[in-house]
Structures are given as C-alpha cells and as structure tokens.
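When a ligand or atom number is given, it counts from 1 through the structure's own listing order. Values below: every heavy atom of this structure, side chains too, minus hydrogens, waters and symmetry copies.
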Amino acid sequence: MKDAAPQTIYLSDYTPPAFLVDSVHLTFRLDPEKTRVISKVDFRPNPQAKSRAFSLHGEGPALQWARIDGRDVTPEITETGLTCEVPDAPFTWEAEVEINPAANTALEGLYTSNGMYCTQCEAEGFRRITYYPDRPDVMAPFTVRIEGSDPVLLSNGNPLNSGPGWAEWHDPWPKPAYLFALVAGDLRAHEGSFTTRSEHEVALNVWVRPDDIGKCAFAMESLKKSMQWDEEKYGREYDLDVFNIVAVDDFNMGAMENKGLNIFNSSVVLASPETSTDATFERIEAIIAHEYFHNWTGNRITCRDWFQLCLKEGLTVFRDAQFTADMRSAPVKRIGDVIDLRARQFREDSGPLAHPVRPDSFVEINNFYTATVYEKGAEVIGMLKTLVGDEAYFRALDLYFDRHDGQACTIEDWLKVFEDATGRDLSQFKRWYSQAGTPRLSVEEEFADGTYTLTFEQHTPPTPGQPDKAPQVIPIAVGLLGPNGDEVQPTTVLEMTQARQSFTFDGLGARPVPSILRGFSAPVTVTRDSSTNERAFLLAHDTDPFNRWEAGRDLARETLMRMAQHGGAPDRGYLDALAAVLRDDTLDPAFRALALRQPGQDDIARALHEAGHTPDPEAIFHAADRFGAALAEHLKDTLHALYTAMDVPGPYRPDADDAGRRDLQNAALALKTRLDGGAAARAQFAAAGNMTQQLGALSSLMAQGLGDAENTAFAEQWHDDRLVMDRWFALQVAHARLEQAPKTAAQMTARSDFNLKNPNRFRAVFGALAGNAGGFHAASGAGYELLADWLIRLDPINPQTTARMCAAFQTWPRYDADRQARIKAALHRIQNAPSLSRDTAEMVARILGD
Ligand code: B3K
Ligand code: ZN
C-alpha cells in the first residue's frame, strides 16, 4: 500500500480520543504471507472528548469483516484508517484482517527476519497490524493468543496457557498499542531469575537463535544489574512474572521497550570476548538498562502524544547514563556523552534539522527520534537536577511516579511535579523544551581588590522557524583555582537567567584561573579567549575531571582549526601538557585514552563554520593527519612504555578497568603505528585473544594504509559471523582516504554479502561513509552521489532507515558553493525519486529548508 498524502501534525491541534478502550483481545494465526489478526476491543465513550466520531488507524491490513456488538458493519476505509457509525455507549468492536509479514521490508508492524516473526510498533506500527486507535493516550490491558507452527510464541505480559501450536498471554498493565509485541520462532532461551525486593520472583529470558545461545550471558547479567539498580536508586520494582528479551537480526534501531518483551537488534545483545569489543559490551549494558528502565519511564507512565517523546526518552537516557556512571566511571561516562552530544546533537542544532526538544509539528514522527529529543532531552533533565539538587530531584521523581502511574503525560505534568516538590517556578526553564539551537555563552572576567567578577552573555543563534530566542536558565558550575593549582573556590552553581549577567567572588588573594561549566553543566558552547598556558594549566591541575579533559580538548580543537586553515604544527605547550597527562599513573587509563583522542573532523568543520569560516574537508583531513604525526613524534619516548604498561593480565573481563587499559593501549598503538611501520600492531593482531585487541590492531594498521594481509585474514576468519562482518564492512570505508572512500563503499555494495534489506549491513557501509568526513565530502561529489543512489534504492524497501540516513546531508550550509551545489543536486535527485516515502520526503524537504 502506498503512503498516504503527507500531512503535518501540530502539537497545538491535540484533542483527547473520542473513545477509550477497556480491554483488547487479539488472536494471531501466523502465516508468512497470510497472517490473520482477529481483534475484539471493548470501547467506551471518553467523557473528556469533544467529539463522538469513531475512527481507527490502519495502514495496509486487508479487512475481512467487522462487527459492532455482534452485528456486521461495513466501515468506510481510507488510506490511513476507517470510520464507522457506533453507539453513543460502550460497545464491542470485532474485526479480522489479513497481513503479509514476509513482504514487510519496512520492519514496522509484524515482519519476518531470517524466518522468525517479530514486531516493531513504536511509533505508529501497530496500525500496520490491525485497525485500532494507534495513539499513546489510549491505554488498555491486552490478551493475546498466538497460533503458529513455531516452537516459541511470545507476547507481552504473563503467560496464560499454551499447547502445541498455540500460546496465550495476558498483560494486566494498561498500555498503548506502540508497546505491543509478538515474537515467534525457533528460539532458545538463556534463562535467569531475579527476586524483587518485595520477594517477587521474576523469570528472565534472553531468546536467541540456537547458534547464538553462547553469547547471552553478558546481556543477562546486565539485565539483573539494571533491575537491582532501579530498585536501589529510584525505588522502582518490576511488575510482571516474566521479562523476555529477544534478539533479531533485522531491526531499524537499537532496541524496543515493549512491555515485558523487549526486542533488540542482535548487535546490542550478543556478546563474546572473541567477537565483541569492550565498547560493544558497554553499549549492551547501557541499552539493556535503557529498555528496562522504560518499564517505569515510558510504559507505566507514557506520553500523551508523540510531541512528548522526550518525556520518556530524555528521562530514560538520563537514567541509563546515571546507571553507567554508577557501574563504571562517572567522569569517563560524562566525557563520552559530551563527545557524542557535540558530534550528533550540536551538529543537528546548528543546521537545517534543528528542532526543539519538544517539537511542535511533524509529518512522520519516526523522523524525530533524534539526538535532540534523546540526548538534549537528557541534558535538560540533568540541568533540572543540578538546579534543584539531588534530594529534591528524587523527591520530585517519587511524586511523578505516585501521581502519574498508569497515565499518558505531558512535559507540563513533568515540570509540575518539580514545581510542586520544590516550590520553584519553572516557566523560564521550560524554554529548554521549546527553543531549538545551542546557546553560546561568552565569558568576560575582571579582578580588582580581591574581587573576581565573571560576566556571562548568552545568545542562541536563529534556527528554522525561530529567528529570535529568549534567555534561558543556564546552570553554570564554576570552580576557581589559585596560581599554584589549589582550588580556591570549590564548585558552585551559578544560575544564569538573563541575557547578560555577572557573578562575583570575594576575598581572593590573587587573580584565579576559572574552571567554567564543570561537568558540562549545560548543553551550551562556551566561547572565551584564554591562553594556551592557561589551558595547559587546567589540563594539569583542574580538580574537575570533565574540565580537565575539556582543557585539552579545547587546545586540540583550536590547534586543528588553525592547522586546517594555515598549516603549521601543534604548539609545544599543548604537547608537553598532554604528555604529562599520559604519564600520570594516578589517572584512570580510560581518562587518559580520552585525552589522547582527537576531536572528530566533523566537529572541526562545525567549529570553523561557527567561527565564520568555510571548512575545507580535505584540509581538515590533512591537518588531522599531521596532528597525529606530530603527536606520535612528540610522544615517541612515552608510547612504548605506555603500551606495555597497559597490558591486562589474566582472562578477559569487559569491566571498566580492564577496558580502560585496553583502550589506552590501542590509542598508544595507533600512534606507535605511525612510527614503527606497523610492527607492534601486526604483533598485537597475531596474538590477540579478543576482538578489542584484534580490531584495535587492524584499525591502527588500516589508518596508516597498512595491514592488507591482516585485513584479508580477518574477513576470512569471521566471514560467517554477521555482526563481526558488519564491523569489517565499516572499517573498510572508515579508513579509505578522501576520494577513495566512495569507491570503497561502492565496492562493498558489490559484494555478495552486502544486503540492502539488513539495516545493520546498510548502516555499516553508508554510516561509515557518512562518518568519514574527508571521504564523504570528497571534492568530486562522488560521496554524495553514491549515498543518494543507494538511498533512492532503499527508500521503497525501508523508508525509516532511508530517512535517518538522509541526515548525512544536513551539514551542507557549512560548505563552499561547489559542495553546496553538489549536495543539493543529490537531495533533489532523492526528492524526485518516484513514490518517495513520506519519511524521506519530509527529511529532504527539511534539510533543503523547503
Ligand atoms: N523507544 C524505542 C525507539 C523507537 C523508535 C521508533 N522509530 C527505543 C528506545 O528509545 O528505547
Ligand atoms: Zn528509549
């Protein structure tokens, strides 16, 4: 069925549903091409509704028959649903539809993936399964019967009954249709159990294909830790007898929090030391936690409408970040999150796709599962917590869970619990939800007679549809250091509310060095003229680990910006300060690895653009290369010792300490490989007993154009492992230099193991191309053309993944006229593709600013 004519939906048009649902019974007769879905839904008029018109969403299901209170009816069917005359009193709707899961390559609704059935309903996929009020403010308990030949038949909630060829499930917790899930297949369970603090025993299962059963233990441990943590930290217990996790190979994103039946992309469940890197282990732990935490923040309390998406996503990202900080290293987690925020959210906020944390309109909601909604949404909660303090934060959260359990809520409800719990007025703070763009914070300082004054000015650049911005509430965590490096003012939070505002510190013996925005206390860009010496001083002395890292980062970024524009080499002061950090054994190896990592080339392009220059991707590429060479040369006496010191004794463990050592070792190896012709990397590759070291070695070699033999050996060794091969595909494209990158990507698509229909494989190639700044923006435009060609091919198959990948083009306004013209030509070509999906049409139009 083709997509309905695009229609813009506005937050301001929200109206309550005309009918509410008391219960839902679904029967699935599974068949790959002709699945029947029989539904029985008890409706009742909503006393809050303004209208009594009855309509159900539905896109694609072939209606066989429908009845109201047992009498046949003939609804009027459109491309987006149906309407029907109904009584002005409670009634029962029954219907049977036919759907074709095997033909469903969009991976929304019910589809098949390597022979198993699975579903993805968020945001609006349930309407592809049957006719229903597919909106999050309609919540109901579901009973599901599955009939099919597969040995394992799963749905939400608790198992009721089962027999050969059928199973029944009941979910007592009212939920919106987007949390519905069904899985059927020949699966094996890695079993576990958890006893809640009120002594309720929960059966836990990680369901996978038989061959993958040996790779589930880590996911299971992560789940148990998450359950424990949510009880201890937030007082939230699990509320069903079973919790099932299923791994599927074809999935549009990471995972989905369906009630009691989380469905995961197999790439974020399956783990073994031989096949998964330390970073993958950490990611699995975080995503298992994220989906589990949704049980309360998302499922028990859900969103009234999709504009409120950040209500569940921002909060759940914030919670999973707290979890990782507690399980691993808090400063390292924070630094990693800020790197990611800048790379993805600041990039979005500074271009044509900028939108508020709570958008006010959309065409296709799937296009708004963005870094802004998720990551900036989490930052906003972090600021709220900083402003009210820990104790008040948890008091407000208790009130939120008490007051809103079982409801579909809004950002207003969320802020109201904080207002009620603390007596604060949050009306100005609320601008964080409605104003797009990253505020820029400039800083002036003055010192006289022992009084030090910091004056801040905030300014948020215009974003699409929002030319003027009002001042926001910005919590600025500040500390002051004396000339000898001692902290003369411990961290204090300045609350900025005006466009320009000063804060004073008295009784200082000497002019201090300020450490501003400690812990990255607000998602803003600080602009401040300060000397290399001062930054090197902070890199050596700041007691706030985030700002200590940030000082080095600022220096690296400024150095790269200068080198990209004017050539030259890194400043000695910076190199010496960095070397001192690397040699400091009291510092966490993971922290040192972060200090050694260069800012991304795309970040440099953004910084140059924001400073009023036109970035040249090739010049940035060469600057990054010369920067790496200078670093290697300067650190050459340190690297070998560092490399050997980071050896991890004993068996592989994916914990934070060991992972940090391997990370620093790999970072040292990457530099060493510039000096030794690849000897150390080849040795590491040959001896590697885990994927972190194997991939680290291969990647160091490939970054220097070496390692052909290792590269071939790697592909031969892992050709049967689809997840490892995804890494291999990505590596080929990521390490191809400039004009070679689109050529390599094209070669990858010609391989017999390239599969357009598998989002992981598609993203491996094209995500890597888009992430290779020098290669994607190669002067010929070949990167743009190749991506456009493949997005045009993918769109009829999988609109959601196509639309997401269009975001690669969002940075066009930064570049020179020639690149701009080439990118726009690529976008126009996509726009003119026959029967373009509404997902992709919306993205392209927004990127072009139409
Ligand atoms: N809630 C899902 C994302 C659904 C995306 C729909 N396009 C996963 C998560 O955020 O936990
Ligand atoms: Zn989520």
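- Residue contacts to the Zn ion (ligand 2): E313 brings an N, O or S atom closer than 2.8 Å.
- Heavy atoms from other residues, nucleotides or ligands lying under 6.0 Å from CZ of R804 number 12 at most.
- Of the candidates Y238, Y234, W173, F401, W296 forms a ring pair (Phe, Tyr, Trp, His ring centres under 6.0 Å) with just one, namely F401.
- Relative ring orientation between F346 and F520 is described as tilted, the plane-to-plane angle lying within the 30° to 60° band.
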Trace of the side chain to side chain donor-acceptor pair (under 3.5 Å) decision for Y292 with W229: CA-CA 11 Å; Y292 175 73; W229 185 89; over 6 Å; no
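- Rounding to 10 degrees gives 100° for the angle at the Zn ion (ligand 2) between NE2 of H290 and NE2 of H294.
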What are the distances between nitrogen or oxygen atoms of ligand 1 and protein nitrogen or oxygen atoms, counting only those under 3.5 Å?
unit_1, atom_1, unit_2, atom_2, d
ligand 1, 1 (N), E122, OE1, 2.6
ligand 1, 1 (N), E257, OE1, 2.8
ligand 1, 1 (N), E257, OE2, 3.4
ligand 1, 1 (N), K312, NZ, 3.4
ligand 1, 1 (N), E313, OE2, 3.1
ligand 1, 7 (N), N366, OD1, 2.8
ligand 1, 7 (N), Q800, OE1, 3.2
ligand 1, 10 (O), H290, NE2, 3.4
ligand 1, 10 (O), E313, OE1, 2.9
ligand 1, 10 (O), E313, OE2, 3.1
ligand 1, 10 (O), Y374, OH, 2.5
ligand 1, 11 (O), E257, OE1, 3.3
ligand 1, 11 (O), H290, NE2, 3.1
ligand 1, 11 (O), E291, OE1, 2.7
ligand 1, 11 (O), E291, OE2, 2.9
ligand 1, 11 (O), H294, NE2, 3.2

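- Ring geometry for F180 versus F126: interplanar angle over 60°, hence perpendicular rather than tilted (30 to 60°).
- Under the 30°/60° scheme for interplanar angles, the aromatic rings of F766 and F762 are found to be tilted.
- Relative orientation of the H294 and H290 rings is perpendicular, given thresholds of 30° and 60° on the angle between their planes.
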